[in-house]
Undergrad: 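Pasting a structure here, questions to come.
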Amino acid sequence: MPIHNEDIARVFDEIADLLEIEGDNPFRVRAYRTAARRVRELGRDLREMVARDEDLTKIPGIGKELSAKIHEIVETGTCRALEKLRRRLPPDLPELLRLPGLGPKRVHALYHELDVHNLEQLERAARDGRIRGLPGFGPKTEARILEAIHAQLDVTRRFKLATAAQYAEPLAEYLRLAPGIDQVEIAGSYRRRKETVGDLDILCTAKAGRPVIERFVAYDEVDEVLSQGTTRASVVLRSGLQVDLRVVRKASYGAALHYFTGSRAHNIAIRTLAVRRGLKINEYGVFRGERRVAGKTEESVFAAVGLPWIPPELRENRGEIEAAQAGLLPNLVELDDLRGDLHCHSRASDGTGTLRHIAEAARARGFEYIAITDHSKRLTVAHGLDERRLLRQVAEIDALNARLDGIRVLKGVEVDILEDGSLDLPDRVLARLDLVIAAVHSRFDLSRAAQTRRILRAMDNPHVTLLAHPTGRLIGEREPYDVDMTRIIRKARERRVALELNAHPERLDLLDVHCQMAREEGVLVSINSDAHSDLDFDNLRFGVGQARRGWLEKGDVLNTRPLDELLSWLHGRKAS
DNA sequence: GCCGTTTTCGGCCCGACTGTTTTCAGTCG
Ligand SMILES: Nc1nc2c(ncn2[C@H]2C[C@H](O)[C@@H](COP(=O)(O)OP(=O)(O)OP(=O)(O)O)O2)c(=O)[nH]1
Ligand SMILES: [Mg+2]
Ligand SMILES: [Mg+2]
Ligand SMILES: [Zn+2]
């Protein structure tokens with residue numbers, strides 16, 4: 001089994017959990033967690049970096065020690081430090097940490113006082129009333145533990161951004177009617193436009209917190225109130241989505257929004273900058289001693305540590321602070337920059353609209369162009385087009401363009417990449433089109449080498465313009481297929497193929513880190529709806545969010561180009 | 001364990017809510 005970054009991240013997280021339960025230095029624990037996060041979010045494969053003997057300590061948060069451990073894990077598949085910890089403590093002990101309300105200290109006590117180290121033993125101990133007697137525990141804690149065990153199902157579930165939006169917007173509207181309310185902002189990972197969110201984090205400003213909080217917990221979708229104070233409260237909605245509310249006064253709006261938007265790692269980094277300047281940042285403001293010196297706006301918070309305002313999508317402590325210091329923040333692409341959509345389906349395959357209907361919907365959105373890219377024949381479940389049907393569609397589009405004003409319909413196809421990397425339609429047909437999207441829809445299980453070879457070969461076909469949903473993942477359902485994205489991006493540059501950022505909320509594929517790599521290599525990204533009905537154009541906003549998380553500027557995105565520039569790019573490719 | 005125009009050693013973000021406590025530890029954001 002080849003080692004993936006995720007495997008290494010899990011080793012570090014497990015070491016962190018075990019060390020923390022043992023009571024080790026909290027900063028050492030944090031170092032392991034930070035490293036796990038960096039490894040997980042790294043666009044490159046550590047296995048390959050090790051094979052090329054690259055210097056891993058260049059990765060922030062990875063020093064000599066953890067670099068050595070990464071080498072060890074890649075080369076031997078195990079980590080002796082972890083094995084040793086697992087011999088010292090029961091390996092199933094960290095599973096107890098997943099219960100809300102149980103942290104390292106309590107898990108430590110449960111193990112050392114009661115010899116409890118898994119959920120079964122914990123349930124028995126709680127039912128027998130043995131937990132309440134432990135120092136620091138009581139009857140309430142014992143009862144909560146029992147409840148938590150029974151509600152254990154799905155406890156770590158994350159929600160797709162688009163799903164969370166359906167709960168967030170009405171709740172925000174509801175809160176806007178609270179007594180004395182001023183602003184309502186959805187913060188947290190939602191504001192950072194992360195592809196999935198663990199909860200909703202909502203910030204309100206008001207003179208007094210209590211009335212807002214009372215309205216919040218009275219929302220009719222609230223299933224359970226987890227905590228409730230005068231400045232914050234947490235609830236779980238019937239859907240299982242947790243919502244955290246924070247209320248501060250107007251003067252603290254900027255500082256609170258910055259705090260609640262995160263990310264945690266970004267907050268720590270910004271607050272550390274403040275400490276070095278003799279300042280303190282919390283959710284109420286920026287302070288020099290007792291005196292508040294900033295905090296009404298986010299800009300004022302950043303300015304206090306010598307930085308320009310940083311867009312929320314970048315706030316992951318992945319280099320945005322250094323870029324801000326150097327004046328090198330990207331000018332991120334916006335939804336309004338998009339001039340058209342290069343991936344959509346008509347009812348010829350598995351879409352719902354006629355060509356005319358799609359064209360008119362696209363025009364109504366203000367697009368200059370829309371590409372019809374139905375599936376090819378191998379995808380029989382989607383009524384994929386064969387040569388004859390595709391050529392007929394080409395003629396229909398030509399006729400339609402002759403009749404339509406204000407929108408150009410581009411002739412395209414989403415052609416299947418077959419297992420050997422050849423395409424599902426002959427070149428002579430592809431040559432008749434304005435653009436060709438190549439897509440993997442089968443054999444997700446190929447080895448990394450074979451999958452990479454397959455896709456690279458498809459990209460070598462001179463007619464291929466775009467690579468669809470490059471990792472094939474479906475969020476929460478299907479893992480990305482194993483492929484060498486570094487080589488794909490390099491091939492895209494060499495062949496002048498653009499990479500799709502599929503904006504469907506279940507795909508959001510390219511990943512943000514790969515957008516960043518594409519940009520660094522000068523590879524264009526196309527933000528495509530993959531619409532199967534005209535409503536799906538709304539998904540483009542999620543694609544733009546992801547692109548922004550990937551540091552993309554307008555110039556990095558193919559479909560921000562006006563029609564004439566797009567056409568000359570397409571034709572220029574063909575000519576070369 | 002990481003990191004550095006304050007440092008290669010000694011720091012490492014800061015606060016709310018709960019339950020158990022008689023002044024605060026633990027957990028979480
Ligand atoms: N300063 C500081 N802020 C934190 C800390 N933990 C969380 N926050 C802030 C930043 C987070 O973005 C925000 C909301 O916390 P969440 O736990 O909901 O995280 P976030 O929304 O970023 O991700 P999520 O998708 O919910 O898992 O609160 C912390 O330890 N220190
Ligand atoms: Mg959150
Ligand atoms: Mg939260
Ligand atoms: Zn498609």
Side-chain angles (χ1 to χ4, degrees), chain A residues 12 15-16 19-21 23-38 56-70 81 96-110 131-145 148 187-189 197-203 209 213 217 225-235 242-248 252 255-256 258-287 295 301 305-306 317 322 325:
Chain A
F12 289 168
I15 292 177
L19 286 177
E20 199 175 25
I21 293 169
D24 208 305
N25 177 352
F27 300 105
R28 185 164 176 238
V29 173
R30 182 198 283 176
Y32 276 98
R33 296 234 163 87
T34 303
R37 184 181 62 83
R38 308 286 322 205
L56 303 182
T57 65
K58 293 244 162 63
I59 303 168
I62 306 286
K64 273 188 71 172
E65 189 63 30
L66 292 185
S67 167
K69 287 201 167 59
I70 292 171
L96 299 183
L97 291 173
R98 301 196 342 182
L99 290 179
L102 282 195
K105 297 283 169 33
R106 285 178 169 160
V107 169
H108 179 97
L110 287 166
I131 290 176
R132 66 184 68 184
L134 296 181
F137 291 74
K140 290 216 171 129
T141 307
E142 188 177 77
R144 282 212 56 181
I145 286 173
S189 49
V197 301
D199 65 2
L200 291 175
D201 303 286
I202 303 182
L203 173 70
I213 301 238
V217 299
V225 179
L226 297 175
S227 71
Q228 179 179 357
T230 56
T231 76
R232 61 168 303 147
S234 289
V235 303
Q242 180 172 328
V243 187
D244 298 332
L245 180 77
R246 194 72 210 258
V247 191
V248 298
S252 297
H258 180 257
Y259 151 70
F260 219 23
T261 297
S263 64
R264 178 179 189 269
H266 170 91
N267 287 356
I268 291 176
I270 293 287
R271 289 174 179 205
T272 302
L273 287 183
V275 169
R276 289 205 211 118
R277 291 174 170 240
L279 298 169
K280 179 179 72 171
I281 297 181
N282 58 29
E283 60 267 53
Y284 300 107
V286 182
F287 298 86
V301 175
V305 290
N317 197 24
E322 294 75 6
Q325 280 167 334

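The model shown is predicted, which means the values in this text are computed figures rather than measured ones. Residue numbering restarts at 1 for every chain, and letters A, B, ... go by the order of the sequence lines.
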Undergrad: How far, in whole Å, is B:dT18 from B:dT23 if one measures between their C1' atoms?
TA: 15 Å
Undergrad: Kindly give the atom pairs (protein nitrogen or oxygen, nucleotide nitrogen or oxygen) under 3.5 Å for nucleotides 6-12 of chain B.
TA:
none

Undergrad: DNA chain B: A:Leu226 or A:Leu279, which has the more 5' nearest nucleotide?
TA: A:Leu279
Undergrad: Counting only side-chain N and O atoms of A:Tyr284, is one of them less than 4.0 Å from OP1 or OP2 of B:dC13?
TA: no
Undergrad: Please list all pairs meeting salt bridge (Lys or Arg N to Asp or Glu O under 4.0 Å) that have one or both residues in residues 268-286 of chain A, counting only residues at least two apart or in different chains.
TA: A:Arg246-A:Glu283
Undergrad: Can you tell me, in whole Å, how much space there is between the C1' of B:dC14 and that of B:dT20?
TA: 24 Å
Undergrad: Take atom C1' in B:dC2 and the same atom in B:dT7, then report the distance between them in whole Å.
TA: 14 Å
Undergrad: When we call it a touch if two heavy atoms are under 4.0 Å apart, what does A:Pro60 touch: a base, just sugar-phosphate, or nothing?
TA: sugar-phosphate
Undergrad: Just the table, please: protein N/O against nucleotides 25-29 of chain B N/O, every pair under 3.5 Å.
TA:
| unit_1 | atom_1 | unit_2 | atom_2 | d |
| --- | --- | --- | --- | --- |
| B:dT27 | OP1 | A:Gly103 | N | 2.6 |
| B:dT27 | OP1 | A:Gly103 | O | 3.0 |
| B:dT27 | OP1 | A:Arg106 | N | 3.0 |
| B:dT27 | OP2 | A:Lys105 | N | 3.2 |
| B:dT27 | O5' | A:Gly103 | N | 3.4 |
| B:dC28 | OP1 | A:Gly101 | N | 2.8 |
| B:dG29 | OP1 | A:Gln242 | NE2 | 3.4 |
| B:dG29 | O3' | A:Asp201 | OD1 | 3.3 |
| B:dG29 | O3' | A:Asp244 | OD2 | 3.0 |
| B:dG29 | N3 | A:Tyr259 | OH | 3.2 |

Undergrad: List for me each residue that meets side-chain contact (heavy atoms from CB on, under 4.5 Å) alongside A:His108, sequence neighbours excluded, and say none if there are none.
TA: A:Ile21, A:His112
Undergrad: For A:Pro139 and A:Leu66, find the nucleotide of DNA chain B closest to each by heavy atoms; which residue's nucleotide sits nearer the 5' end?
TA: A:Leu66
Undergrad: Please check if atom CZ in A:Arg132 has more than 12 non-hydrogen atoms from other residues, nucleotides or ligands closer than 6.0 Å.
TA: yes
Undergrad: Using the P atom as the reference point in each nucleotide, state the distance between B:dT22 and B:dG15 in Å, no decimals.
TA: 27 Å
Undergrad: Sticking with atom C1', work out how far B:dT21 lies from B:dG26, rounded to a whole angstrom.
TA: 12 Å
Undergrad: Does A:Val29 offer a backbone N or O that forms a donor-acceptor pair with the side chain of A:Glu20 under 3.5 Å?
TA: no
Undergrad: Applying salt bridge (Lys or Arg N to Asp or Glu O under 4.0 Å), name anything that partners A:Arg38, two or more places apart in sequence or on another chain.
TA: none
Undergrad: Could you tell me how far B:dT6 sits from B:dC12 if I compare only their P atoms? Round to whole Å.
TA: 16 Å
Undergrad: Taking pairing as Watson-Crick or G-U wobble with both contacts under 3.5 Å, can you name the mate of B:dC12, or confirm there isn't one?
TA: B:dG1
Undergrad: Expressed in whole Å, how much space separates the C1' atoms belonging to B:dT8 and B:dG1?
TA: 14 Å
Undergrad: Just to confirm, is there a sub-4.0 Å distance from OP1 or OP2 of B:dC3 to any side-chain nitrogen or oxygen of A:Lys64?
TA: no
Undergrad: Pick base, sugar-phosphate or nothing for A:Ile270, based on heavy-atom distances below 4.0 Å to the nucleic acid.
TA: nothing
Undergrad: Indicate, with a heavy-atom threshold strictly under 4.0 Å, whether A:Thr230 touches base, sugar-phosphate, or nothing.
TA: sugar-phosphate
Undergrad: Return the value, rounded to whole Å, for the distance between atom NE2 of A:His258 and atom P of B:dG15.
TA: 15 Å
Undergrad: A:Asp244: what forms a side-chain contact (heavy atoms from CB on, under 4.5 Å) with it, not counting sequence neighbours?
TA: A:Asp199, A:Asp201, A:Arg232, A:Ser234, A:Gln242, A:Phe260
Undergrad: Quick one: is A:Asn282 getting a side-chain N or O under 4.0 Å of the B:dG15 phosphate, OP1 or OP2?
TA: yes
